[in-house]
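Contents: one structure, followed by commentary.
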Amino acid sequence: MEAERARHWQEAWARAGLSTGQRIPGRGKFYALNAYPGTSGFLHVGHLRGYVYPDALHRYHRMLGEQVLFPFGIHASGLPAVTYAQKVKDREEQTVRQLSEEGVPKDEWSRLEDPETAARFLGESYRRVLRSIGVLVDEATYLTTVDEDYRAFIRWQFHALQAAGGLVQGAYFASVCPVCGPVAVDPSETDLSSGGTAEVVRFTTVPYRLDDGRILLTATLRPETVYGVTNLWVAPGEVLVVWHHGEHSYLVSRTAAARLVEQHGGRVGHPVPASELVGRNVAVPLRGGLVPILESALVDEKVGTGVVMSVPAHAPADAAALAELPEATRAPLGAPPVLLEVSPDATLTASERELTGGTGTPAERALRAMGVRGRTDAAALTEATERLYRLEFVRGTMTVADLRGVPVREARDRVVQRLTAEGSCFELQEFSIPVLCRNGHEVVIRRVPDQWFLRYSDPAWKASTRQIVDRLRTSPSEYGRELQGILDWFQDRPCTRRGRWLGTPFPLDPDWVIEPIADSTFYMAYFVVRRFVATGRLTTAQLTDAFFEFVFRGTGPGEPSVDRALQEEVRTEFLYWYPLDYNIGGKEHKRVHFPVFLYTHALLLPPELAPRGIFVNGWITGATGGKLSKKEIGGKRGIQVPTMRDALHRWGPDPLRLYHVVAASPAQDVEWDSDVVDSAAERLRDVERLAQETRGDGDGPPELDAWLLTTMHRTVAAVRSAYDATDLRSAAELTYVTIPSILRRYYARGGAPGRATDRVGRAWVRLLSPITPHLAEEVGAGRVEGLVAAAPFPAADEFPLVEAAEVREAYLDRVEEDLRAVLRPAAERGERPPAEVVFFVAEPWKAEVERWLREGLARGETPTVREVVDRGAAHPEVAAHRTEVAKYVQRVLPLLRSEPPEGPKALDELAALRAADAYLVRRLGFQSVRVLRESEAESMDPRNRRERARPGRPAFYFVRPDEAPAGG
RNA sequence: GCAGGGGUGGCCCAGCUUGGUCAAAGGCGCCAGGUUGAGGUCCUGGUCUCGUAGGAGUUCGUGAGUUCAAAUCUCACCCCCUGCACCA
């Protein structure tokens with residue numbers, strides 16, 4: 001459909017005010033929204049998925065006669081807009097290209113160098129996209145999270161969270177650029193120039209005391225192995241420095257000293273060449289005893305503290321380094337102590353068992369298993385290390401000192417506690433790979449002592465959140481289970497940050513800005529208020545804490561400057577739309593946004609206002625699997641993904657909408673495929689034609705019409721239950737695939753457009769509306785009063801239910817299938833179709849016998865021929881066919897086992913076949929059809945086929961074209 | 001490792017909760033026939049193997065089990081994806 005036609009309908013919906021849901025007391029409502037988008041750039045076709053689902057649901061509910069609220073806003077908070085503005089400023093290639101494609105005049109670009117302006121600008125572009133594909137959002141709700149009224153709301157939200165005990169201050173390790181301030185380290189690298197995939201490594205430092213009182217600080221991931229230390233390692237030529245902390249002086253590498261100062265304070269002192277220390281002894285903590293300091297190139301001064309505690313029995317690298325030493329150095333160290341054992345082979349997986357074969361210390365076995373050739377065989381050594389660490393951590397049990405029998409994972413915590421009690425045990429965090437800020441500075445991990453957190457670990461708060469999850473409807477349903485697991489490990493989250501990003505200043509301490517996830521957990525409630533602000537009935541100044549307390553929680557006197565009646569009205573409005581029916585969002589929200597959204601509702605509102613549902617949709621992915629990458633968008637036709645603009649031009653809104661619904665189940669990711677959109681477009685053309693053709697005023701054959709209407713009854717019921725279960729894909733399949741095939745069958749069976757198809761057509765038009773609203777209006781014009789989008793959704797009861805008609809069609813289906821099965825081999829050999837087919841309909845006694853047999857099988861018995869014959873003696877009709885009964889039982893009994901237990905429904909087969917003769921003739925190419933009772937057909941059945949007849953499965957005999965027509 | 005998801009016919013994707021009507025929906029691709037100026041659209045049929053009468057055999061990651069009956073239930077194993085934390 002051309003864009004102009006689409007716009008015509010979009011304007012008609014707008015004029016009719018369809019998108020503005022009104023509170024109508026007593027009338028049902030549906031309130032769902034899409035987790036609002038961030039502002040990192042223009043929307044592309046993949047984003048549509050997240051809007052098509054909610055729009056279809058809202059349209060469905062609107063047609064059910066419910067009042068709907070579908071708000072829309074944009075999430076300007078955080079860094080995306082800042083980054084985007086920076087890209088504009090840098091005139092970054094991709095960004096500039098998009099701006100020209102979107103037709104933004106060059107003299108406006110400089111305006112977009114301001115983050116807030118950029119965010120609003122992008123927001124407007126999103127609104128245009130939504131309108132252009134027919135998504136009906138309530139325009140009055142539109143907001144950005146940097147609007148003043150929204151900020152007032154967020155201030156209240158944090159005061160309320162504070163009052164409810166949801167906030168706490170504590171220490172936190174943050175990634176910061178020493179120059180630019182806090183940065184996010186994540187693979188999207190919004191803030192970074194490299195290192196986004198870095199992981200944070202948490203070392204524990206273990207102190208080793210020299211006889212002069214100075215302390216060598218080693219860093220380890222496995223503090224429990226302190227019991228197996230044989231020596232310390234320093235790098236050849238390394239220069240350590242003194243780190244002064246408290247009353248102690250520690251020796252560490254220069255990089256480590258800098259990190260320790262960031263994370264634990266203190267100051268860096270004078271350098272100390274490591275060579276001075278080599279050969280001296282240090283005291284081992286906890287275990288006691290002295291071990292020597294040795295040199296090895298295995299030490300990397302950039303990692304940890306630049307001093308390594310050597311545990312050769314359990315660390316493959318240490319074992320390899322040790323093996324390089326001259327015998328004279330090595331011998332005095334003695335045999336490396338083994339300090340833990342892993343559970344017996346039987347409980348290990350194959351890959352774990354691989355590590356444990358052979359003899360020697362665990363480290364030696366791992367080296368052998370991985371085929372490590374020496375200390376410099378880095379890849380194999382890393383593999384051996386990681387696998388052995390994992391194995392021992394998961395399966396190991398300590399065998400030393402008073403930790404005997406303690407699982408390693410537990411022993412580690414205990415050792416840390418003991419070391420901490422003795423002092424000089426620090427947590428040292430660093431990145432696994434270097435991380436560089438956009439401006440080229442190295443990002444470090446800094447301890448922030450007074451970070452604000454939301455107390456998501458609080459047991460009571462967590463418990464009330466769980467209660468919401470217990471009652472929550474989720475799509476997919478597994479997500480409900482997953483959520484419980486997510487809550488298990490959900491910990492406190494920092495909710496503020498210092499530094500440059502967009503957001504609301506933290507009301508309890510304006511030095512901080514609220515973090516973007518924390519300011520988007522409760523906005524569903526604010527949208528209701530926003531409508532009053534948008535229409536000028538409330539001003540931002542009136543949005544005080546007192547006002548919100550009253551509106552959202554019904555407590556307190558309210559805001560004195562606001563008219564009491566108005567305040568009551570806002571409160572009533574809030575209670576009308578709440579609770580939220582669905583929060584709909586992409587799968588990226590599963591672990592953060594959705595949980596905190598539930599948390600906040602659990603704390604601020606009573607359970608009866610808790611959210612009712614969460615709907616998770618998958619992504620549209622590019623050929624590379626991940627989210628659509630930039631280079632995949634806007635490329636040439638075909639393989640790559642078209643821009644929003646191109647897509648609309650090429651297909652129009654409805655094929656895109658249908659594509660997003662049918663391409664996969666909602667939760668599935670789906671790889672973008674233009675061909676599938678093409679075929680969706682084809683299908684819609686087909687649907688349009690078929691729907692137009694349904695007009696008519698004649699009557700078809702009554703049985704056939706009955707079947708058509710009955711089938712529609714079933715289909716409409718199925719469509720409604722699919723929508724009710726938010727199963728849009730099934731709804732679409734029924735609407736766009738099943739209904740066309742029903743109509744085709746109707747025509748094939750001899751029906752013609754008439755009153756019956758007209759009824760189907762008028763309902764179908766309305767069924768089309770939620771997913772392809774423009775098409776529905778095109779086809780519905782003149783057939784549905786007013787706009788289709790505002791018409792009532794069809795009800796199953798609009799169509800009569802005639803079971804006999806269904807039974808008959810199912811019977812004919814089965815007969816046709818049998819005929820085809822038999823005719824196929826002959827047709828494949830190129831033979832002409834038979835001249836005539838003669839049907840033999842089973843005698844009633846067969847039905848009786850089958851019924852007896854089924855009864856027996858249902859009881860778990862296997863009826864014998866004798867039993868049936870005996871029982872038949874008392875039944876005149878069966879008795880009359882005594883000889884045939886035995887044979888019939890033998891033939892049919894095995895078949896019955898694999899058939900459905902109910903058996904075929906009663907039906908006048910003779911009449912059904914006779915009424916369908918013209919159809920069968922046309923369909924299968926016979927010249928004539930004859931239908932007879934089994935008992936009256938002897939002369940017509942030279943091959944004796946009539947015995948085969950069963951209830952519901954007539955026997956038949958084909959008369960070849962060259963055979964003389966049988967007599968009678 | 002833990003948690004969640006998944007492995008279905010040439011491909012994509014349903015079905016699995018509530019075992020039977022499942023040789024398994026739908027789409028794509030492919031084959032044949034009809035329509036057509038046309039290898040395009042549309043319509044009809046076919047598309048695991050065998051079979052000159054509606055039948056039989058072998059299939060839903062692998063192996064075992066429960067059952068009269070398993071793609072569907074149970075157990076074990078193999079493989080793949082995602083997340084594991086502050087990132088929107």
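No hydrogens, no waters, no symmetry mates; every other heavy atom, side chains included, goes into these values.
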Are any protein N/O atoms closer than 3.5 Å to N/O atoms in nucleotides 80-83 of chain B? If there are, list each pair with its distance.
| residue | atom | partner | partner atom | Å |
| --- | --- | --- | --- | --- |
| B:rG83 | O2' | A:Arg591 | NE | 2.9 |

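Between the side chains of A:Glu482 and A:Gln484, not a single donor N or O lies within less than 3.5 Å of an accepting N or O. Side-chain contact annotation: A:Glu909 with A:Tyr811, donor-acceptor N/O pair under 3.5 Å present. Counting only N and O atoms by type, the side chains of A:Asp492 and A:Ser457 include a donor and acceptor under 3.5 Å apart. With hydrogens and angles left out, the side-chain atoms of A:Asn617 and A:His660 include no donor and acceptor closer than 3.5 Å. Counting only N and O atoms by type, the side chains of A:Thr715 and A:Thr738 include no donor and acceptor under 3.5 Å apart.
In this structure, CZ of A:Phe958 is placed 13 Å from C1' of B:rU52, rounded to the nearest angstrom. Put simply, CG on A:Asp686 is 11 Å from P on B:rG27, counting in whole angstrom units. In this structure, A:Leu819 atom CG and B:rU44 atom C1' are separated by 16 Å, rounded to whole Å. B:rG26 atom P lies 9 Å from atom CD of A:Glu733, rounded to whole Å. Taking atom NE2 on A:His75 and atom P on B:rC87, their separation rounds to 14 Å, with Å as the unit. Taking atom CG of A:Asn34 as the reference point, atom P of B:rA88 lies 18 Å away to the nearest angstrom. Remark: P of B:rA85 and NZ of A:Lys590 are 17 Å apart, rounded to the nearest angstrom. Going from atom CZ of A:Arg744 over to atom P of B:rG34 covers 20 Å, rounded to whole Å.
Comparing B:rC43, B:rG55, B:rA53 by their nearest atom to the side chain of A:Tyr957 picks out B:rA53. The side chain of A:Arg689 lies closest to B:rC42, out of B:rG54, B:rA88, B:rC42. For A:Trp501, counting side-chain heavy atoms from C-beta on, the closest listed nucleotide (B:rA88, B:rC86, B:rA85) is B:rA88. Candidate nucleotides B:rA85, B:rC87, B:rG26 were compared by shortest atom distance to the side chain of A:Gln491, and B:rA85 ranks first. Among the nucleotides B:rC87, B:rA88, B:rG54, the one closest to the side chain of A:Glu588 is B:rA88. The side chain of A:Arg948 has B:rG54 as its nearest neighbour among B:rG54, B:rA88, B:rC87. Of all nucleotides listed (B:rC43, B:rG54, B:rU41), B:rU41 comes nearest to the side chain of A:Glu682. Nearest to the side chain of A:Arg493, among B:rA14, B:rG54, B:rC86, sits B:rC86. Across B:rA88, B:rA14, B:rC42, the shortest atom-to-atom separation from the side chain of A:Arg497 is found for B:rA88. Considering only side-chain atoms of A:Asp818, the nucleotide from B:rG54, B:rA88, B:rA53 that sits closest is B:rG54.
Spacing between B:rG65 and B:rA3 at atom P, rounded to whole Å, works out to 28 Å. To the nearest whole angstrom, the two P atoms, one in B:rU67 and one in B:rC12, are 36 Å apart. Nucleotides B:rG63 and B:rG27 place their C1' atoms 34 Å apart, quoted to the nearest Å. Going from the P atom of B:rG5 to that of B:rA70 covers 26 Å, rounded to whole Å. Remark: the separation of the P atoms in B:rC30 and B:rA85 is 47 Å, to the nearest Å. The gap from the P atom of B:rG40 to that of B:rC28 amounts to 14 Å, rounded to the nearest Å. When the P atom is compared between B:rA69 and B:rG33, the two are found 46 Å apart, to the nearest whole Å. The gap from the P atom of B:rC31 to that of B:rU36 amounts to 22 Å, rounded to the nearest Å.
Although no hydrogens or angles enter the test, the distance criterion places a donor-acceptor pair under 3.5 Å between the side chain of A:Thr474 and the main chain of A:Gly480. When atom types are taken as modelled, the side chain of A:Lys846 and the backbone of A:Ala949 share a donor-acceptor pair closer than 3.5 angstrom.
The residue among A:Ile486 and A:Thr39 whose nearest nucleotide of RNA chain B lies closer to the 5′ end is A:Ile486. With the nearest nucleotide of RNA chain B identified for both A:Arg745 and A:Phe490, A:Arg745 has the one nearer the 5' end.
Consecutive Watson-Crick or G-U pairs involving RNA chain B, each under 3.5 Å on both distances, make up stems of three or more pairs at B:1-7 with B:78-84, B:10-12 with B:26-28, B:29-34 with B:42-47, B:48-50 with B:55-57, B:61-65 with B:73-77.
A salt bridge does not link A:Glu515 with A:Arg497: every distance from a Lys NZ or Arg NE/NH1/NH2 to an Asp or Glu carboxylate oxygen is 4.0 Å or more.
For A:Tyr599 and A:Phe597, the ring centers are positioned 6.0 Å apart or more. The six-membered or imidazole ring of A:Phe840 lies away from that of A:Tyr957, with a centre-to-centre distance of 6.0 Å or more.
Across all strands, A:Ala748 comes closer than 4.0 Å to no nucleic acid atom at all (heavy-atom distances). When heavy atoms are screened at a 4.0 angstrom cut-off, A:Tyr479 is found touching no nucleic acid atom at all. At the heavy-atom level, A:Asp492 lies under 4.0 Å from base atoms of the strands shown. Using a 4.0 Å heavy-atom distance criterion, A:Pro595 is classed as making no nucleic acid contact. Residue contacts for A:Ile517: at a heavy-atom cut-off of 4.0 Å it reaches a base atom on one of the strands shown.
One cannot find a donor-acceptor pair under 3.5 Å joining the base of B:rG45 and the side-chain atoms of A:Arg820.
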### Task
Dump the intermediate steps for side chain to side chain donor-acceptor pair (under 3.5 Å) on A:Asn583 and A:His593, then the final yes or no.
CA-CA 10 Å; A:Asn583 188 353; A:His593 168 67; 3.3 Å; yes

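Closest heavy-atom contact between A:Ala680 and A:Tyr659: CB-N, 4.4 Å.
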